[in-house]
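Just so you know, ligand 1 is whichever comes first in the structure, and atom 1 is the first atom listed for that ligand. Below, all heavy atoms of this structure are taken into account, side chains as well, without hydrogens, waters or symmetry copies.
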Amino acid sequence: MYTEKVMDHFFNPRNVGEIENASGIGEVGNAKCGDIMRIYLDIKNDIIQDVKFKTFGCGAAVATSSMATELIKGKSIEDALKLTNKAVTEALDGLPPVKIHCSVLAEQAVKAALSDYYTKQGIDPEPIVGKIVADIHEHEHDEEEHQHVSCSGNCGGCSCEH
Ligand code: FES
């Protein structure tokens, strides 16, 4: 079901922890599965010098947050803003369809941390970072109505008809 890379990042997650006096902190969650992801950024001269994460969630949530931190560490803010859940999923050699939403959580956590960074600078983040989806499940439903691919209803917390 899971690729070797997913298993590796689950059993040996990179960049776990917190950053004191972080330049930006982002927290997002999925109210239905109860998973929470928090990302800390240390930014200097528009470069992500360091990044740490804490995830209370499923194995895929841990693996995707680990991979997301690896993909943005040492990169410019501009590059980090381009990080997509698709890139995270591809870097992990794929995820089962029912776990794609976990990678959306990782993308949104990075964006939420960047938003916080801009807010701390007195800059309105929305035109740069876009709208943060704080509750991923709500977002999933929007997409499901069109595609019906991102959720199997396995978590039992979903009220929609499958
Ligand atoms: Fe909730 Fe993976 S993030 S099941």
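- Asp8 and Arg14 are joined by a salt bridge, as a carboxylate oxygen and a charged side-chain nitrogen come within less than 4.0 angstrom of each other.
- Heavy-atom contacts from other residues, nucleotides or ligands closer than 6.0 Å to NZ of Lys120 number more than 12.
- With ligand atoms numbered from 1 in the order given, ligand 1 contributes 3 (S) to contacts under 4.0 Å with heavy atoms of Leu105.
- Contacts with ligand 1 closer than 4.0 Å are made by side-chain heavy atoms of Cys33 only, the backbone lying farther away.
- Proximity to Cys58 (heavy-atom distance under 4.0 Å) selects the following atoms of ligand 1: 2 (Fe), 3 (S), 4 (S).
- Atom OD2 is the N/O/S atom of Asp35 found closest to atom 1 (Fe) of ligand 1.
- Checking side-chain atoms of Asp116 against main-chain N and O of Gly26 turns up no donor-acceptor pair under 3.5 Å.
- Contact analysis leaves Asn30 out of contact with ligand 1, as no non-hydrogen atom separation drops below 4.0 angstrom.
- At a 4.0 Å cut-off, at least one heavy atom of His101 sits close enough to ligand 1 to count as contact.
- Environment of CG in Asn12: crowded, with over 12 heavy atoms of neighbouring residues, nucleotides or ligands closer than 6.0 Å.
- Of all heavy-atom pairs spanning Met37 and Ala61, the tightest one is CE-O, 3.4 Å.
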